[in-house]
*Asks:* 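Would you mind keeping the following structure in view while I ask a few things?
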Amino acid sequence: MSSSYMSWRSSASNRRPTQPTNTSKNRGTIYPDLNQDPTPKPVIHFLAFALIVFLGLLQFLPASHFRHPSDPHRNWVPFNSHSSPYPTVKLTVDEDDGLIHIVSWMQCLDLKVLAVLANSTLSSSRYPDLLHFHFFTPQGDKDKVSFYKLKVLFPHSNLELHGQEKVKEIIKRTSSEAEYDSLNLEEIAPFIIPSVHQSLTKFIYVSPNLILMGRIEELTGIDLSAHAAAAAEDCSNRLNSYVSSDVLDAIQRSASKPWISVTPYVKDACMPGLSLLLINGKKLEEFLEAVLWWSKVLNWSDRSDKRNPAIGLALYNRYLKLSNSWLVKEPASVDTIETSMITHYDGPKIVCSEFGNDTIPGSSHGNLWIKYLPSMSNQILGI
């Protein structure tokens, strides 16, 4: 055992020690880049400083998009930054309840027409939860069955039915029977409603026989502080087709009323389209009186064959002109439908008459209304 130990020790002692390496000599060849720090070029410093200044200046640019807090999808909506002869629009709502109020007046109740109007408006809007419909019907809130049918079709929508009696009473009280009969209640009613319903000081009036394909909220940001209403110009109806220039000149010279224009009337001026209106109830003082005065001066109660221009004359220089895209178009072609904000209802509808309400024959119907008819209408409305 001792011999084996000695042999191991002998072999261990006979090992040749290794030569130490010269690390200081080889370090320079292994890591030559550690000898000197890199020096960036001056142009890099300049570009970095310029980039920081540029990003800082971007903070002073006006916002190009916004998110409305009531939008559940939080979509980015671009601001309208293009100059236009028409009013700039933005999303604003009623100052009191934060809703967009939409009013319509229907002489003969037709739930099918109201359903198409409501559904087309809701489906075209970015903010359907902000829309509040006010439908003025012959029975109003007394007609519980009609109200519940509409609520079944639009369970999450804000809508009310209002009666027409108080509005009609105001018109009858200030006019003669002949003058009352010469007025189209669907045209004059939106100007009387604010005096009956004090909460409706600013609203959008829409004729019931329409299909809305544009975003109705785009109209709510228009500043009406200096105007009684806003409407698109209807150049298919001009002033000189209703009243001669000689008559207007004679009236302007002889009468002094606050609603008579101080400047000469433009004889071929386009009449305002009354199917879609923005109403400012705070600027409608003496409006009904002005309409009745014009109707009486022009003896329009004896000419029931033509549209009464009294409302257009009472609005002369008192209304703000909307973009032509909000003028009601006929659904004559696919191109018209695709480019229009609003078009006439083209489906079957009830027409008022002294002998009862009748339905227009089916041969004159179009197909656009079917697109906006709610899916449960057949079961609920019995179509």
*Asks:* Should Met106 and Leu212 be regarded as members of a common hydrophobic cluster, given that ILVMFWY residues are connected when their side-chain heavy atoms come within less than 4.5 Å of each other, either directly or indirectly?
*Replies:*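 Hydrophobic grouping puts Met106 with Leu212.
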
*Asks:* Would you tabulate the side-chain donor-acceptor contacts of residues 171-178 under 3.5 Å, counting partners in other chains and residues two or more places apart, or write 'none'?
*Replies:*
from   : atom 1 : to     : atom 2 : distance (Å)
Thr174 : OG1    : Ile170 : O      : 3.0
Thr174 : OG1    : Ile171 : O      : 3.3
Ser175 : OG     : Ile171 : O      : 2.6
Ser176 : OG     : Glu179 : N      : 3.2
Ser176 : OG     : Glu179 : OE1    : 3.4

*Asks:* Which disulfide bond (SG atoms under 2.5 Å apart) pairs, counting each pair once, include a residue from residues 117-231, with sequence neighbours left out?
*Replies:* none

*Asks:* Could you check whether Lys349 makes a cation-pi contact with Tyr345, meaning its NZ or CZ is under 6.0 Å from the centre of the six-membered ring and within 45° of the ring axis?
*Replies:*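 No, Lys349 and Tyr345 do not form such a contact.
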
*Asks:* Give a yes or no on whether Gln139 atom CD has more than 12 heavy-atom contacts from other residues, nucleotides or ligands under 6.0 Å away.
*Replies:* no

*Asks:* In Å and rounded to the nearest 0.5 Å, what is the OG to NZ distance from Ser146 to Lys151?
*Replies:* 14.5 Å

*Asks:* Go through the steps to decide whether Ser244 and Asp246 satisfy the test side chain to side chain donor-acceptor pair (under 3.5 Å), and finish with yes or no.
*Replies:* CA-CA 5 Å; Ser244 68; Asp246 295 336; 5.3 Å; no

*Asks:* Which pair of non-hydrogen atoms, one from Phe203 and one from Val103, has the smallest distance, and what is that distance?
*Replies:*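 Heavy-atom minimum between the residues: CD1-CG2, 3.5 Å.
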
*Asks:* When the side chains of residues 283-292 are checked against the rest of the protein, which donor-acceptor pairs come out under 3.5 Å, sequence neighbours left out?
*Replies:*
none

*Asks:* If hydrophobic clusters are built by linking Ile, Leu, Val, Met, Phe, Trp and Tyr wherever their side-chain heavy atoms come under 4.5 Å apart, do Trp369 and Phe133 end up in the same one?
*Replies:* yes

*Asks:* With sequence neighbours left out, what residues match Asp268 under side-chain contact (heavy atoms from CB on, under 4.5 Å)?
*Replies:* Arg238, Asn240, Val266

*Asks:* Sub-3.5 Å donor-acceptor pair from the side chain of Asn308 to the main-chain atoms of Ser295, do we have one?
*Replies:* no

*Asks:* What are the two closest heavy atoms between Asn367 and Asp346, and how far apart are they?
*Replies:*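 Shortest heavy-atom contact: N-OD2, 3.2 Å.
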
*Asks:* Only distances under 3.5 Å count here; give the side-chain donor-acceptor pairs of residues 250-262 to other protein atoms, sequence neighbours excluded, each with its distance to 0.1 Å.
*Replies:*
from   : atom 1 : to     : atom 2 : distance (Å)
Gln252 : NE2    : Ser261 : O      : 2.8
Gln252 : NE2    : Thr263 : O      : 2.7
Ser254 : OG     : Ala250 : O      : 2.8
Ser261 : OG     : Thr263 : N      : 3.2
Ser261 : OG     : Thr263 : O      : 2.8
Ser261 : OG     : Thr263 : OG1    : 3.1
Ser261 : OG     : Asn317 : ND2    : 3.3

*Asks:* Please walk me through it: do Asn209 and Ser207 pass side chain to side chain donor-acceptor pair (under 3.5 Å)?
*Replies:* CA-CA 6 Å; Asn209 299 316; Ser207 174; 4.7 Å; no

*Asks:* Just jot down the salt bridge (charged side-chain N to carboxylate O under 4.0 Å, His left out) partners of Asp249, sequence neighbours excluded, or say none.
*Replies:*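 Checked Asp249 against salt bridge (charged side-chain N to carboxylate O under 4.0 Å, His left out); matches are Lys267.
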
*Asks:* Any idea how His134 and His162 line up, ring-wise: parallel (<30°), tilted (30 to 60°), or perpendicular (>60°)?
*Replies:* parallel

*Asks:* Over 60° means perpendicular and under 30° means parallel, so classify the ring planes of Phe136 and Trp105, tilted if in between.
*Replies:* parallel

